[in-house]
Every structure is written in structure tokens, then in C-alpha cells.
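Just so it is clear, the values below take in all heavy atoms, side chains as well, and ignore hydrogens, waters and symmetry mates.
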Amino acid sequence: MIAQFFVLSQRGDNIVFRDYRGEVAKGSAEIFFRKVKFWKEDEAEEAPPVFNVDGVNYIHVKVAGLFFVATSRVNVSPSLVLELLQRIARVTKDYLGVLNEDSIRKNFVLVYELLDEVIDFGYPQTTSTEVLKSYVFNEPIVVDAGRLPPLGPAAMFMQGTKRMPGTAVTKSVVATEPGGKKREEIFVDIIEKISVTFSSSGYILTSEIDGTIQMKSYLTGNPEIRLALNEDLSIGRNGSSLYDYRSSSGSGTVILDDCNFHESVHLESFDVDRTLSLIPPDGEFAVMNYRMTQEFKPPFRVTALIEEAGSSRAEVILKIRADFSPNVTANTITVQMPVPSYTMRASFELEAGATGQTTDFKEGSRRLEWNLKKIVGGAEHTLRAKLTFSQEIHGNIAKEAGPVNMNFTIPMYNASKLQVRYLQIAKKSKTYNPYRWVRYVTQANSYVARL
């Protein structure tokens, strides 16, 4: 099935390499990196996750700045291999605590031991962290996460007075902590990726939320967990679930189109009080995945306008407004807008007193880019850009520009209003009181405004 598996750094260095079947030449890693680095096909800036070069299928995902790649000469299922690569990355992170180049290099013996158990002669065997504990015996060399730059939204989750400990998402599930004691704690993340399309007049055309409840447990003894969601939660557009459950209060205020649960979740009481019971396995896993197309209030309003300012000039006005509480702050916002292919240059004008904002005109892809470090709830920001063309304008310029695309991360905010009412852990004794951390984050999946 899989001929080779390898992990490359951002520089193209080969960190891990395993040849399972001897069907593909040894220089495949170099060919892959050169192709990805200088991708020029389909007018796309980035290489797709699956492509073919000289009869070899290259399938890859990028996690924490690293390329996880599989090669094959046979016609394998791309979705299966992509899922396998994501799971290998997750299992590696479970064992090492921190997933980066340094941690893999320091633990290469452990990583190869994991790979030998996960894949045999190119065929996947198991990707369960709990099952692998019975076969993998090397102890990880723990990398100090305090000196590492934050990767992804996890570093931006906690705001306010109660903050997540620095080791929250960087602990190995098998490493022994100093002093021989293990900190009893459990983390629950509600992560939502939203897709919204706005019309040229600002009305919402389509909206959808893809969400997941992720859990990572560091509890000894595998105690039973009870996770309670909104009492007025309904599943299915008619107020009932796909599993023939009935909402305890009729039509709920939070309506999910559909959902699925991890195999360890027991649903006996879900029908009555919307409570999930489970004994969490080791490592990080998705307790529940859900989808929602019910109307919801989008976190940002985006409006864009392009007008002619002469025979070979035009002016663009981009405006974004944060429609959420002032107590919440969005991070790493990027707004992109394609412009006509005959655009020669662009000059930008930010609002007075603007800080933490940068602008750029990408000549290769003919695109305006506006980056904002953060946006506080209730704030509104405007960007003006003057475009100069290499020829005179013919026809409707708005049809040759756009649409506007926006990316962002909002910690401690969820658009669906799905909430964890409580997280209950079966007590071993009266003094047993582990730490519980519940966090929310919303990210843009496809946030588009038409011109």
C-alpha cells in the first residue's frame, strides 16, 4: 500500500525515513521537496496534498511546520493515507509531548519504534496510543517547551486571570515527571471551523460550522468521565437526532445537523440530560464531531468595494467589524483580495493610529494582503488601496476582482453556542480533585465576501 514514509523539515532536511517495499527510488524525498517548494502548476501557490511525479504518488500533510509524506506506486485511497498521516503525527505528539524537528531528532529511536508498530510492510496496523503502549517501551527525551515558539492556536487559548499551565499541551502521555509524581489533569477543547459567504451588499448567503470536542487525559487509573452539554441541544433539523433521540425540551436553541461520537462514548443518558459518559483512552482524541447549518451570528462582518478612479486606476476599500464581546480578542487575522491580472502596483492607506497591521501586494498572484495582529471585540478597521493598471479598464472591474477571503483565530469564543455545562470525574477518594481545563476556539475555514 505505502511504499515509503518520511518526515521533512521546512528546509527539506530528511528527519525520518522508512522504505517499506523498495518500490520507489531513494531520492523521492528530494524530488518531493523540490516539487512542493517550486510548485507552479494549476496557477496555485501551494502544492495540493496529493500529486503524481513520474508514476509515483506523493501524499502529504503539513503539521507543526513539518511535512509528513507517504509515497506509493499503486492507486491507494488518498483520504485513507491522509488520515493515516494525521494520526501518525498525533501519536508522535502524544509520545513526545512536543511535535517539532528538535523533539523528533532527540527521540528518533522512539519514533522509529512507533513507526514499526504503526505500519508493517506498508500496511497500517494501529494508530491507537493506548494499544501502542503495550508494544513501545522507549522513554521519550522531553524537550523544554518553555523555550519553543507557540505553534497554532493552542498558545492563544487562555485569556483573563485563569491561565492554562505552560505544559498543558506539551506533555508526553508516557514520560514520568520529576519526583515520580504525575499531575492529574484533563483538557477539553471545543474547536469550531466556520464557513461564511457574504453577498456584495453584506447579507449572509451561506453559513456552516464544523466542530469537534477534543479531549486529552492525564488521569491515572482511567476513571469514568461525564461530560454535560447544553440541556436544550437538539440534533437533526427537525429537533430530533439521527440516533432517534428526542430533545428533553422540544426544539432546542442549539441545533446540530448531525454528529458522531468516539467509540468509547456511552450514550445511555444522552437522550435524557445531554450527558456523555466515557472512559478516556490515552492520548488526544475527538469525543464528538458535529456540523451545524442553523443561522448563527458570524464573528466578523466584511465589506469590500472597488471603484474606478480614472481610465487606468481604481480604489479598493476593505472594512471589517468584530461582532463579538469586547472581552474577546481575535488573533492572526489575514485578509486577502485578488485584483485584476493587469494590476501593476498598489499603494495602501491605513487608518490613523493603526498598530500591529501590515499590508502587501503579491505581484506573482496579483493579490492584496492585509495582516492584523489582533482585533478586540466591537472594533472596526478600514483599509484603502489605490491600484494602478497597465492598461485601460474595460467593462465591470468588480467582476475581475475578488472575492475577499479572511482567516482568523478567536480563542475563548464559539459561534454555535455549544457549551460544556460540567466535566465530572468519578472520584477515587475524597481528596481526589484533578485539574479540569475547558477551552474554546473558533477558526475560519472559508470566510468569503463577494464584490
Without swapping roles, check the side chain of [X] against the backbone of [Y] for a donor-acceptor pair under 3.5 Å.
X	Y	answer
N100	S103	yes
D257	T293	yes
R321	V302	no
R274	F270	yes
S269	V272	no
S72	A3	no

Hey, would you say the [X] and [Y] ring centroids sit under 6.0 Å apart?
X	Y	answer
Y447	F198	yes
F5	Y20	no
F324	Y413	yes

remark   = Heavy-atom nearest pair, E192 first then Y290, reads OE2-OH, 2.6 Å
request  = Can you see which heavy atom on N138 is nearest to which on L110, and at what distance?
outcome  =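 The pair with the smallest heavy-atom distance is O-CD1, 3.6 Å.
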task = Apply the test salt bridge (Lys or Arg N to Asp or Glu O under 4.0 Å) to residues K216 and D94: give CA-CA distance (whole Å), side-chain angles for both, the deciding distance (0.1 Å), then the verdict.
result = CA-CA 9 Å; K216 192 165 188 178; D94 283 342; 3.5 Å; yes
query = With sequence neighbours left out, what residues match F33 under side-chain contact (heavy atoms from CB on, under 4.5 Å)?
reply = L8, K37, F67
key: Working for ring pair (Phe, Tyr, Trp, His ring centres under 6.0 Å), residues F68 and F6   = CA-CA 6 Å; F68 286 73; F6 49 87; over 10 Å; no
